[in-house]
Amino acid sequence: MIYDVAIVGTGPAGLSAALTLKLHNKEIIWFGSTLLSDKVGKSEKIANYPGVPMTSGADLNKAFSDQAKEMGLELTDKKVTNIADLGDHFMLLADNETFEARTVLLSTGIPQAKGMENEDRLLGMGVSYCATCDGFLYKDKTVAVYCTDERMDHDIKYLEEIASKLYVYTNFGYTSDADNVEMLTGPIKKLDGTMKCDSIELADGTKIDVDGVFILRPAIAPSTLFTGLELDGAHIKVDRNQETNYKGCYAAGDCTGRPYQIAKAVGEGNVAAHAILERLSEQAK
């Protein structure tokens, strides 16, 4: 099946676009957390969202969730790790499954963590963002995992089962009593290797030899997610229709730049949705 639209990200921009596209009866696949926006949910007070008196982020996020359910919007709780332009449509890889869509909207927010040294260079060369996709390549080998997303603890458990030795760093208190697991006391700072990642370096300077590294974060840098995507600094470059340098691929919300405000994200999501409707209409001619 080829969807009309694939939306990546469940923040206000993604929700805004999904609502508009749903009202126009488009076939949508919406990737992201069923909790919607972690950033919104953790906001103490929100005072500048039009039509909503002073409210907590948790309450606003619940209102967003309730509205999505009321509209019949379904979420696909999978992490998109790669997008490719196939000419007349796009292919998305998410948790070892492929999906196809005529248009794409990126509403991914901004990565909260700086990438490790050599991460981009060694991606696909012993460095992976998906344990269920690439884990089988490291059966009975020495592996390191860096995880800052508690929802992905099942990926760590999977790696425990297949690796001969697993070095683990998380920032959410993950523990294991498996004999092959060693918890790292500090984060991974650097990845090393020429043709393939063969070692890691911790923040304290400790070096450890490995066969592979899995980096599990809630968000992936746009340039890594979609090779060739044009950026403006750390943000995705878009035109006034929220379209990127790839025709048919749009971006909205924090990933397009400041101000990092809910109202701005919702507006951009709506603009992108209407641009997508026009694009789909042109394709149907």
Side-chain angles (χ1 to χ4, degrees), residues 3-21 28-33 36-40 76 78-94 99-116 119-121 123-124 129-130 148-149 215 217-280:
Y3 295 90
D4 291 320
V5 190
I7 300 175
V8 184
T10 52
L15 172 62
S16 174
L19 290 169
T20 297
L21 293 163
I28 305 166
I29 184 162
W30 189 13
F31 295 98
S33 169
L36 296 190
S37 173
D38 186 58
K39 176 185 172 184
V40 172
T76 300
K78 296 180 183 292
K79 182 180 176 182
V80 177
T81 53
N82 185 257
I83 301 173
D85 182 4
L86 301 183
D88 60 345
H89 68 286
F90 299 87
M91 184 279 294
L92 300 92
L93 178 65
F99 302 85
E100 294 178 281
R102 294 180 178 87
T103 59
V104 171
L105 172 63
L106 303 175
S107 54
T108 54
I110 52 174
Q112 298 299 309
K114 182 180 178 182
M116 300 172 193
E119 180 178 331
D120 287 347
R121 180 175 66 81
L123 184 62
Y129 293 140
C130 181
T148 58
D149 187 348
I215 301 172
R217 300 192 190 100
I220 297 174
S223 58
T224 301
L225 182 65
F226 198 161
T227 302
L229 194 66
E230 190 173 348
L231 303 181
D232 181 5
H235 303 110
I236 302 172
K237 187 175 182 179
V238 294
D239 62 17
R240 287 185 61 83
N241 288 323
Q242 304 303 131
E243 192 168 31
T244 71
N245 59 306
Y246 283 102
K247 193 166 182 63
C249 178
Y250 303 79
D254 287 359
C255 63
T256 67
R258 297 178 183 276
Y260 302 141
Q261 295 285 313
I262 297 172
K264 178 255 195 187
V266 168
E268 288 190 349
N270 185 260
V271 170
H274 283 280
I276 287 169
L277 290 171
E278 290 184 16
R279 169 74 172 170
L280 292 171

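Values in this document were obtained by computation on a predicted structure and should not be read as measured data.
- Contact detail for C249 and F226: the closest heavy-atom pair is SG-CE1, 3.9 Å.
- Taken from OG1 in T20 to CG in L15, the straight-line distance is 9.0 Å, to the nearest 0.5 Å.
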Checklist entry - Does the pair L106 and L229 meet the rule for a side chain to side chain contact (heavy atoms under 4.5 Å, CB included), with working shown? => result CA-CA 11 Å; L106 303 175; L229 194 66; 3.9 Å; yes
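- For the pairing with V8, the side-chain contact (heavy atoms from CB on, under 4.5 Å) check across L105, T108, I220, I29 returns one residue only, T108.
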Next on the checklist: Show, in sequence, the C-alpha distance, side-chain angles and deciding distance for I110 and H235, and conclude whether the side chain to side chain contact (heavy atoms under 4.5 Å, CB included) test is met.
Outcome noted: CA-CA 8 Å; I110 52 174; H235 303 110; 4.1 Å; yes
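- Side-chain atoms of I276 and L21, non-hydrogen and from C-beta on, do get closer than 4.5 Å to each other.
- Aromatic ring orientation, F31 versus F99: perpendicular (interplanar angle above 60°, classes split at 30° and 60°).
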Item to check | R279/K247 under side chain to side chain contact (heavy atoms under 4.5 Å, CB included): CA gap, chis, key distance, verdict | outcome: CA-CA 9 Å; R279 169 74 172 170; K247 193 166 182 63; 3.2 Å; yes
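- Checking side-chain atoms of T81 against main-chain N and O of A94 turns up no donor-acceptor pair under 3.5 Å.
- The side-chain heavy atoms of L123 and I215, taken from C-beta on, include no pair separated by under 4.5 Å.
- When all heavy atoms of G269 and S16 are compared, the closest pair comes out as C-OG, 3.8 Å.
- Proximity of a side-chain donor or acceptor of K264 to a complementary backbone N or O of G253 within less than 3.5 Å is detected.
- Atoms OH and CD1, on Y3 and I28 in that order, are 11.0 Å from each other to the nearest 0.5 Å.
- Residues N82 and Y129 are not in side-chain contact: their nearest non-hydrogen atoms beyond the backbone lie 4.5 Å or more apart.
- By the 4.5 Å heavy-atom criterion applied to side chains, I236 and L231 are counted as neighbours.
- Using a 4.5 Å cut-off on side-chain heavy atoms (C-beta onward), V266 and N270 make no contact.
- Pairing each heavy atom of V271 with each of Q242, the nearest pair is CG1-CG, 3.8 Å.
- The main-chain N or O of G248 is found under 3.5 Å from a side-chain atom of E243 such that the two form a donor-acceptor pair.
- A distance-only check finds no donor-acceptor pair linking the side chain of T76 to the backbone of K78 [under 3.5 Å].
- In this structure, T148 contributes its side chain and R217 its backbone to no donor-acceptor pair below 3.5 Å.
- Closest heavy-atom contact between N245 and G228: ND2-O, 3.0 Å.
- Remark: side-chain polar atoms of D239 are paired, donor with acceptor, to backbone N or O of N241 under 3.5 angstrom.
- The two atoms that bring G32 and T10 nearest to each other are CA-CG2, 3.5 Å, heavy atoms only.
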Next on the checklist: Test side chain to side chain contact (heavy atoms under 4.5 Å, CB included) on Y246 and V104; report intermediate values, then the result.
Outcome noted: CA-CA 10 Å; Y246 283 102; V104 171; over 6 Å; no
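- Listed here is the closest heavy atom pair of L86 and M91: CD1-CB, 3.7 Å.
- The pair K39-D254 meets the salt-bridge criterion, since a charged nitrogen lies less than 4.0 angstrom from a carboxylate oxygen.
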